[in-house]
Participant: 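Sharing a structure below in C-alpha cells format, with a few things to ask.
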Amino acid sequence: MKNIAVIGAGTMGNGIAHTFAQSGYKVHLIDISEDSLKRGMDTISKNLDRMVSKEKISEDDKKKTLSNVSTFTSIAAGVKDVDLVVEAATENTDLKLKIFKDLDANTEAKTILATNTSSISITQIAAAVSNPERVIGMHFMNPVPIMKLVEIIRGYNTSDEITNTIMELSKKLNKVPVEVNDYPGFVANRILMPMINEAIETLYNGVAGVYEIDTVMKLGMAHPMGPLQLADFIGLDVCHSILEVMYDGFKNPKYAPCPLLTNMVRAGKIGVKSGEGFYDYSEGRKAEKVSEQFSS
C-alpha cells in the first residue's frame, strides 16, 4: 500500500494527510475548496515547523513530508489509482453517503474505503457502495499527528481481510489500533460525549462554574483537560451532532444534548474555532479566560 487519498482538508483531514505523508506514503488531499486546501497545507507546514523547532524531525524530513502531498478539488481525479481512501469530511450523514456513492463510481473494487466518522454507522455508510465489505471505520483522534489511538470500526459486512489490513497499516503509522464494533458513538464517543454532556448539565443546573467543573476533573480525575475545555476544542457543534446521532440510535434520553449546548450551537458559540465557547479564545487558543456569559 503506497498511495492514499484523504477527503476533506479540515482539522482531521489535514492531520491524517500529514500523518500518512510523514510515514512515507504518497497522499492525495481532496477538497472542493481551493481555499480549504491552501489552509490545510499551511496547517501541515506549520505543524511540521513546530516539530522541527522541537528537534523531533529535521528540515529535510519536513520537505519530504510536504513533497508527499498533492492536492485535488475533484474526487474522481484524486482517488485514481489509490490503495486506500480515508474520508474526513464534515460529520453529516447525507454528505458522507454522497461521497461514498462517488467513491463507488470512481474507485476499483480492491480499493479500501475508510471513514473517519466519530459516530455515524459504518454499516449505513457502507450501504452506499456496491461491495460494502471494503468499507471500514478509521477514527483518528485530534490532533492526529500526536494522538496514538485509532478506533478501527467494523461494519456489519466489513471483511476480516480489510480489518486486518487496516489494523496493520495503523501500526505502520506508529499508532495503536483498537478494533470495535459498529454501534452509535463506537467506544470513544459513547463514553466521552455523555461525560461532556453531563458536565454541561452540571453548569446548566448551577452546581458549579466552568473553571470549577474543569478543575475538579483535571485535579480529581487526572484528566489532561477539563470536559468543558475539551468540548470547546472538539467543537460544540460536533459534540451536539454526535449526541444527536447517539440519541437517535439508542432512543435513550441520557444521550439527549443539554439545552445549554443546543443554545450555544444555535448562537454560534462553538468553541475554539469560533473564538468563544465555555472559554474566550479572542486572545489565543489557551483556555485561560472563562467566557463572559459564565464569568459572573
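Residue numbers start at 1 and run along the sequence shown. On a predicted model such as this, the values are computed, not experimentally measured, just so you know.
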Participant: Can you measure from OG (Ser74) to NE2 (His28) and round to the nearest 0.5 angstrom?
Facilitator: 12.0 Å
Participant: Might you point out which heavy atoms bring Gly78 and Ala5 nearest each other, and give the distance in Å?
Facilitator: O-CB, 3.8 Å
Participant: According to ring pair (Phe, Tyr, Trp, His ring centres under 6.0 Å), who are the partners of Tyr156, at least two apart in sequence or on a separate chain?
Facilitator: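 Here no residue qualifies.
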Participant: In a check of side chain to side chain contact (heavy atoms under 4.5 Å, CB included) between Ile136 and each of Leu113, Ile162, Ile153, which one passes?
Facilitator: Ile162
Participant: Excluding sequence neighbours, so at least two apart, what forms ring pair (Phe, Tyr, Trp, His ring centres under 6.0 Å) with Tyr255?
Facilitator: Phe250
Participant: Is it the case that over 12 heavy atoms from other parts of the model lie below 6.0 angstrom from the CD atom of Glu59?
Facilitator: yes
Participant: Check whether any side-chain heavy atom of Leu66 sits under 4.5 Å from a side-chain heavy atom of Ile44, and report yes or no.
Facilitator: yes
Participant: Closer than 3.5 angstrom, by distance alone: can the side chain of Asn68 be matched with the main-chain N or O of Val27 as a donor-acceptor pair?
Facilitator: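 No: the side chain of Asn68 does not pair with the backbone of Val27.
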Participant: For the pair Asp280 (side chain) and Glu276 (backbone), establish whether a donor and an acceptor sit closer than 3.5 Å, ignoring hydrogens and angles.
Facilitator: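 Checked: no pair found.
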Participant: Between Asp60 and Lys64, is there a salt bridge with N-O shorter than 4.0 Å?
Facilitator: yes
Participant: Can you find a pair of side-chain heavy atoms, one from Gln293 and one from Lys269, that are under 4.5 Å apart?
Facilitator: yes
Participant: Closest heavy-atom contact between Leu29 and Gly13?
Facilitator: CD1-O, 4.1 Å
Participant: For His139 and Ala188, work out which heavy atoms get closest and say how close.
Facilitator: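 Closest approach of His139 to Ala188: CE1-CB, 4.4 Å.
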Participant: A side-chain contact here means heavy atoms from C-beta on lying under 4.5 Å apart; do Val272 and Tyr279 qualify?
Facilitator: no
Participant: Are any side-chain N or O atoms of Asp248 and backbone N or O atoms of Glu244, one a donor and one an acceptor, separated by less than 3.5 Å?
Facilitator: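 It does not hold such a pair.
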Participant: For Lys273, is there an ion pair with Asp232 - N to carboxylate O distance below 4.0 angstrom?
Facilitator: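 Not counted as a salt bridge, because no side-chain N and carboxylate O are separated by less than 4.0 Å.
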Participant: Could you tell me whether a side-chain N or O of Thr158 sits under 3.5 Å from a main-chain N or O of Val135, the two making a donor and an acceptor?
Facilitator: yes
Participant: Just how far is it from atom CD1 of Ile234 to atom CG of Leu192, taken to the nearest 0.5 Å?
Facilitator: 5.0 Å
Participant: List the atom of Met1, the atom of Leu169, and the distance in Å for their closest heavy-atom pair.
Facilitator: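 Of all heavy-atom pairs spanning Met1 and Leu169, the closest is SD-CD2, 3.6 Å.
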Participant: Could you tell me whether the side chain of Asn157 and the main chain of Thr123 form a donor-acceptor pair under 3.5 Å?
Facilitator: no
Participant: Should the pair Phe20 and Tyr25 be assigned to parallel (<30°), tilted (30 to 60°) or perpendicular (>60°) ring geometry?
Facilitator: perpendicular
Participant: If we only count heavy atoms from C-beta on, is the Glu34 to Leu37 side-chain gap below 4.5 Å?
Facilitator: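 They are in side-chain contact.
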Participant: For Asp31 and Ser36, indicate whether the former's side chain and the latter's backbone hold a donor-acceptor pair under 3.5 Å.
Facilitator: no
Participant: Would you call Arg134 and Asp104 a salt bridge, using N to O less than 4.0 angstrom?
Facilitator: yes
Participant: Under the 3.5 angstrom rule, does the side chain of Asn116 hit a backbone N or O of Phe140 as a donor-acceptor pair?
Facilitator: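 Side chain of Asn116 to backbone of Phe140: a pair is present.
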Participant: Using modelled atom types only, decide if a donor and an acceptor are shared between the side chain of Asn205 and the backbone of Glu201 within a distance under 3.5 Å.
Facilitator: yes
Participant: Does Met41 offer a backbone N or O that forms a donor-acceptor pair with the side chain of Ser45 under 3.5 Å?
Facilitator: no
Participant: Per the side chain to side chain donor-acceptor pair (under 3.5 Å) rule, what does the pair list look like for residues 82-92, sequence neighbours excluded?
Facilitator: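 Listed by first then second residue: Glu87-Lys96, Glu87-Thr115, Glu91-Thr117, Glu91-Ser118, Glu91-Ser119.
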Participant: Could you check whether atom CZ of Phe72 has more than 12 heavy atoms from other residues, nucleotides or ligands sitting under 6.0 Å from it?
Facilitator: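 Yes, enclosed.
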Participant: Is there a continuous path of hydrophobic side-chain contacts, each under 4.5 Å between heavy atoms, that joins Ile166 to Ile7?
Facilitator: no
Participant: Sub-3.5 Å donor-acceptor pair from the side chain of Lys175 to the main-chain atoms of Val144, do we have one?
Facilitator: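 Such a contact is found between Lys175 side chain and Val144 backbone.
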Participant: Within a strict 4.5 Å, meaning less than it, do heavy atoms of the Thr73 and Ile32 side chains meet?
Facilitator: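 Sidechains of Ile32 and Thr73: no contact.
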Participant: Please indicate whether Glu161 has more than 12 foreign heavy atoms, meaning atoms of other residues, nucleotides or ligands, lying under 6.0 Å from its CD.
Facilitator: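 Result for CD/Glu161: open.
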Participant: Heavy-atom count check: over 12 atoms from other residues, nucleotides or ligands less than 6.0 Å from Lys62 NZ?
Facilitator: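 Yes, NZ of Lys62 has more than 12 neighbouring heavy atoms, counting only those of other groups under 6.0 Å.
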Participant: Flag the pair Ile152 / Val178 as yes when at least one side-chain heavy-atom distance between them is below 4.5 Å, and no otherwise.
Facilitator: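 SC-SC contact between Ile152 and Val178 ruled out.
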Participant: Below 4.0 angstrom, N of the basic side chain to O of the carboxylate: do Lys46 and Asp42 qualify?
Facilitator: no
Participant: Would a single hydrophobic cluster contain both Leu203 and Val290, if residues Ile, Leu, Val, Met, Phe, Trp and Tyr are joined by side-chain heavy-atom contacts under 4.5 Å?
Facilitator: yes
Participant: Going by heavy atoms in the side chains, are Met246 and Met193 under 4.5 Å from each other?
Facilitator: yes
Participant: Is the shortest distance from a Lys or Arg side-chain nitrogen in Asp94 or Lys98 to a carboxylate oxygen in the other one below 4.0 Å?
Facilitator: no
Participant: Name the residue from Met138, Glu151, Lys148 that meets the side chain to side chain contact (heavy atoms under 4.5 Å, CB included) definition with Ser170.
Facilitator: Met138
Participant: Between Pro184 and Arg190, is there a side-chain heavy-atom distance shorter than 4.5 Å?
Facilitator: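 The answer is no; the side chains never approach within 4.5 Å.
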Participant: Would Leu48 and Gln22 count as a side-chain contact (heavy atoms from CB on, under 4.5 Å) here? Give the steps.
Facilitator: CA-CA 9 Å; Leu48 289 168; Gln22 192 175 330; 4.0 Å; yes
Participant: Can Met167 be reached from Val180 by stepping across I, L, V, M, F, W or Y side chains whose heavy atoms are under 4.5 Å apart?
Facilitator: no
Participant: If you compare all heavy atoms of Ala76 against all heavy atoms of Asn106, which two are closest, and at what distance to 0.1 Å?
Facilitator: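 Reported closest heavy-atom pair: CB-OD1, 3.4 Å.
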Participant: Looking at SG of Cys258 and CD1 of Ile196, how far apart are the two atoms once the value is rounded to the nearest 0.5 Å?
Facilitator: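 Result: 12.5 Å between the selected atoms.
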Participant: Grab the two heavy atoms, one from Pro253 and one from Tyr247, that are nearest each other, plus how far apart they are.
Facilitator: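 Scanning both residues, the minimum pair turns out to be CA-CE1, 3.8 Å.
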